[in-house]
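Data first, discussion second: the structure below is written as structure tokens.
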There are 2 protein chains.
Amino acid sequence: MYAAQCPCRDVLDLLANKWAALAIGALESGPLRFGELQRRLEGISPKVLTQTLRRLEDAGFLHREIFPAVPLHVEYSLTDLGHSVSVPLASLRTWVESHLHEIT
Amino acid sequence: MYAAQCPCRDVLDLLANKWAALAIGALESGPLRFGELQRRLEGISPKVLTQTLRRLEDAGFLHREIFPAVPLHVEYSLTDLGHSVSVPLASLRTWVESHLHEIT
DNA sequence: CTGTATCCGGATGGATACTG
DNA sequence: CAGTATCCATCCGGATACAG
């Protein structure tokens with residue numbers, strides 16, 4: 001099975017928090033700005049959104065691009081790696097949607 | 001996207017903790033006893049293992065069967081629902097394994 | 001607009017010892 | 001064997017206010 005040191009656990013942990021999978025899903029169809037992400041991830045606070053995005057960025061799943069304008073403009077987009085992982089994540093979300101009625 | 005009340009979030013949370021996905025994976029190939037599970041999920045304490053198993057059982061992903069013998073014998077196995085969700089989970093694990101080298 | 005600072009509560013995970 | 005009891009540390013998420 002998976003030994004204690006298996007790094008896959010870290011990845012699972014990364015993807016396995018309340019917002020990460022949702023954030024990746026939100027970015028599947030294209031880049032979004034901070035505020036737009038916050039609106040789509042209904043209920044997330046700016047602090048938690050930042051945390052989530054930073055973790056995903058550090059892991060290489062998404063890219064943050066700053067457009068130095070006034071007002072400030074920042075865009076988040078999936079990297080190739082991010083698009084790649086969004087496939088199994090989407091299949092998990094799909095499973096959840098189609099089995100919701102069976103879950104207690 | 002996914003509204004705040006969308007129950008899929010709860011399911012994601014359930015699957016998305018340190019051990020749940022691993023436990024489901026361990027049971028894919030057949031029933032296991034408590035002690036055997038603890039050995040396979042290297043490093044888990046009995047308390048946390050119990051918590052994990054109970055949550056999965058309550059959600060209907062696995063079944064707990066007691067064989068009243070001496071010494072006591074308890075077997076955990078996936079329900080149909082559990083086997084069903086193990087498919088997308090396995091694809092996520094597979095993704096992680098094949099992309100580990102790309103992850104920071 | 002895009003965050004950071006602060007403070008807080010609760011859940012999760014963990015070590016160890018003990019029990020039916 | 002299969003857990004439960006206890007106590008504890010930490011991370012995570014959340015509300016609100018404020019800053020570059």
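Just the heavy atoms: all of them, side chains too, but no hydrogens, waters or symmetry mates, feed the values below. Chain A is the first sequence line, chain B the second, and so forth, proteins listed ahead of strands; every chain is numbered from 1.
Of the charged side-chain nitrogens involved, none lies within less than 4.0 Å of a carboxylate oxygen, so that E97(B) and R93(B) do not count as a salt-bridged pair.
The hydrophobic clustering, which links ILVMFWY residues whose side-chain heavy atoms are closer than 4.5 Å, places I66(A) and L27(A) together.
The NE2 atom of H73(B) sits 18 Å away from the C1' atom of dG20(C) (whole-angstrom rounding). Taking atom CD on Q38(A) and atom P on dA15(D), their separation rounds to 11 Å, with Å as the unit. One interatomic measurement links the two molecules: CG of L72(A) to C1' of dT2(C), which rounds to 6 Å at whole-angstrom precision. Straight-line distance from the CD atom of E42(A) to the P atom of dG13(D): 17 Å, rounded to whole Å. Nucleotide dC1(D) holds its P atom 15 Å from the CG atom of L32(B), rounded to whole Å.
Taking both residues in full, the closest heavy atoms of F67(A) and L72(A) are given as O-CD1, 4.0 Å, listed atom of the first, atom of the second, then distance. Minimum heavy-atom separation, A90(A) to E28(A): CB-OE2, 4.0 Å.
For R64(A), no side-chain nitrogen or oxygen approaches OP1 or OP2 of dT2(C) to under 4.0 Å. At dA2(D), none of the side-chain N or O atoms of R39(B) fall inside 4.0 Å of OP1 or OP2 (strictly under the cut-off). Phosphate proximity of dG3(D) to Y76(B): present, with a side-chain N or O under 4.0 Å from OP1 or OP2. Under 4.0 angstrom from either OP1 or OP2 of dC1(D) there lies no side-chain N or O belonging to R33(B).
In the region residues 46-58 of chain B, proximity to DNA chain C at under 4.0 angstrom, judged on heavy atoms, holds for K47(B), V48(B), R55(B).
Closest to the side chain of S45(B), out of dT2(C), dA15(C), dA15(D), is dA15(C).
Put simply, the side chain of R40(A) reaches to within 4.5 Å of the side chain of L32(A), judged on heavy atoms. Within the 4.5 Å cutoff, side-chain heavy atoms of L53(B) are placed close to those of L37(B).
Using a 4.0 Å heavy-atom criterion, one finds that F67(B) contacts no nucleic acid atom at all.
Under the side-chain hydrogen bond (donor to acceptor under 3.5 Å, both in side chains) rule, Y76(A) has a single partner from E36(A), R64(A), E57(A), which is R64(A).
Remark on DNA chain D: of its neighbouring residues E36(B) and I44(A), the 5'-side contact belongs to E36(B), judged by nearest-heavy-atom nucleotide.
In the helix from dC1(C)-dG20(D) to dG20(C)-dC1(D), the end axes, each obtained as the rotation axis mapping the C1' atoms of four pairs onto the next four within a five-pair block, lie 50° apart to the nearest 10 degrees.
S84(B) contributes no side-chain N or O that, together with a main-chain N or O of D80(B), makes up a donor-acceptor pair within less than 3.5 Å.
Taking the six-membered ring for Trp and thresholds of 30 and 60 degrees, F61(A) and W95(B) have ring planes inclined between 30 and 60 degrees apart.
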